[in-house]
Amino acid sequence: MTRTEGEIATNTDPTGSWSLVVPLKPLARAKSRLGRAVGEERPRLALAFAQDTVSAALSCPAVRDVVVVTDDPVAAEALTALGARTVADVPAAGLNAALEHGARSARADRPDAAVAALNADLPALRPAELARVLDFAAAFPRTFLADAQGIGTTFLSAASGVELRPFFGGPSRARHLASGAVEVPPAGLDSVRRDVDTGEDLRVALALGAGRRTTALCAPAAGQACGSGH
């Protein structure tokens, strides 16, 4: 059971077994490919994506906690306000090192935790769909979910006692398959697969039903940047 208290999505029965690790670049550098479509709104949208992603994740009953790995103080403050825990990207050695650092941080408090990496740019994320992914993942040592293009990855899990071993970036679906991770069947999981890198990705996420922060920035009153790029 969950409830929303102001800006904080609170799990009132915190029995979920999963710790999620969400990586986020400094906002000034995040979502660079989206700049052509949204212009100066890009950093604000990157934060909105992360806020909507984290809020939805924390509303999923299977999720116990969310660890955000970021060096951006504005993002850290905003995501902490939602109920996430933030840690600095101490390795500063790229995405996969950041995810491994986040997993170690999650397990510092709960050594037996099942952990999963989740992209920060899933603004249409639905808690029920994430719950189905986690339910499938619970049966295997490691699983992953391919992105909407079937090339990259939006989710990677590791059961209790299993190392995460992330291979994100570029054609990561093939690398995760080769690493022995089991692929989560993609049917009915559109919101967990729809990461946003381009203007077209954003339009699809909005059509799926993006979270309120992303939607507010893309509303007509906020300007037409979200719908005008090609």
>> Suppose we screen for side-chain contact (heavy atoms from CB on, under 4.5 Å). Which residues come up paired with Pro185, at least two apart in sequence or across chains?
In response: Phe136
> Side chain of Arg193, backbone of Leu145: donor and acceptor closer than 3.5 Å?
Replying inline: no
>> Does any part of the side chain of Cys218, heavy atoms only, come nearer than 4.5 Å to the side chain of Leu45, both counted from C-beta?
In response: yes
> Where do Leu122 and Leu118 land on the side chain to side chain contact (heavy atoms under 4.5 Å, CB included) test, with the steps shown first?
Replying inline: CA-CA 9 Å; Leu122 301 170; Leu118 185 71; 3.6 Å; yes
> Is the closest side-chain donor-acceptor distance between Ser55 and Arg212 under 3.5 Å?
Replying inline: no
> Hey, is the main chain of Ala76 close enough, under 3.5 Å, to the side chain of Thr70 for a donor-acceptor pair?
Replying inline: no
>> Test side chain to side chain contact (heavy atoms under 4.5 Å, CB included) on Gln51 and Leu82; report intermediate values, then the result.
In response: CA-CA 8 Å; Gln51 288 174 297; Leu82 291 176; 4.0 Å; yes
> To the nearest 0.5 Å, how far apart are OG in Ser17 and CG in Asp112?
Replying inline: 11.5 Å
> Taking only residues two or more places apart in sequence or in another chain, which ones pass salt bridge (charged side-chain N to carboxylate O under 4.0 Å, His left out) with Asp52?
Replying inline: Arg213
> Can you list the residues that meet the side chain to side chain donor-acceptor pair (under 3.5 Å) rule with Asp195, with sequence neighbours excluded?
Replying inline: none
>> If the condition is side chain to side chain donor-acceptor pair (under 3.5 Å), which residues does Ser179 pass it with, not counting sequence neighbours?
In response: Arg142
Ignoring hydrogens and angles, write down the donor-acceptor pairs under 3.5 Å from the side chains of residues 19-29, residues two or more places apart or on other chains.
{"unit_1": "Ser19", "atom_1": "OG", "unit_2": "Asp65", "atom_2": "OD1", "d": "2.5"}
{"unit_1": "Ser19", "atom_1": "OG", "unit_2": "Arg110", "atom_2": "NH2", "d": "2.8"}

> For the residue pair Glu129 and Gly188, what are the closest heavy atoms and their distance?
Replying inline: CD-O, 3.4 Å
>> Among residues at least two apart in sequence or on other chains, which ones pass side chain to side chain donor-acceptor pair (under 3.5 Å) with Glu100?
In response: none
> Is the backbone N or O of Gln149 less than 3.5 Å from a side-chain atom of Asp147, with the two atoms forming a donor-acceptor pair by type?
Replying inline: yes
> What residues join Val204 in its hydrophobic cluster, counting side-chain heavy atom gaps under 4.5 Å, either direct or through other members?
Replying inline: none
> With sequence neighbours left out, what residues match Asp71 under side chain to side chain donor-acceptor pair (under 3.5 Å)?
Replying inline: none
>> To the nearest 0.5 Å, what is the distance between OG1 on Thr214 and CZ on Phe49?
In response: 5.5 Å
> When clusters are formed from ILVMFWY side-chain contacts under 4.5 Å, directly or step by step, what else is grouped with Val162?
Replying inline: none
> Residues in salt bridge (charged side-chain N to carboxylate O under 4.0 Å, His left out) with Arg194, at least two apart?
Replying inline: Asp201
> Trp18 and Leu58: same hydrophobic cluster, using ILVMFWY side-chain contacts below 4.5 Å?
Replying inline: yes
>> As an exercise, state the distance from CD of Glu77 to CG of Leu47, rounded to the nearest 0.5 Å.
In response: 10.5 Å
> Linking Ile, Leu, Val, Met, Phe, Trp and Tyr by side-chain heavy atoms under 4.5 Å, what else ends up with Leu208?
Replying inline: none
>> What I'd like to find out is whether the side chain of Leu134 reaches to under 4.5 Å of the side chain of Phe155, using heavy atoms alone.
In response: yes
> According to the side-chain hydrogen bond (donor to acceptor under 3.5 Å, both in side chains) rule, which pairs have a member within residues 150-174, sequence neighbours left out?
Replying inline: Thr143-Ser157, Thr153-Ser172, Thr153-His176, Arg173-Glu183
> Just wondering, are more than 12 heavy atoms of other shown residues or ligands nearer than 6.0 Å to CZ in Arg44?
Replying inline: no
> Can you name the closest pair of heavy atoms from Ala103 and Leu164 and give their distance?
Replying inline: CB-CD2, 4.3 Å
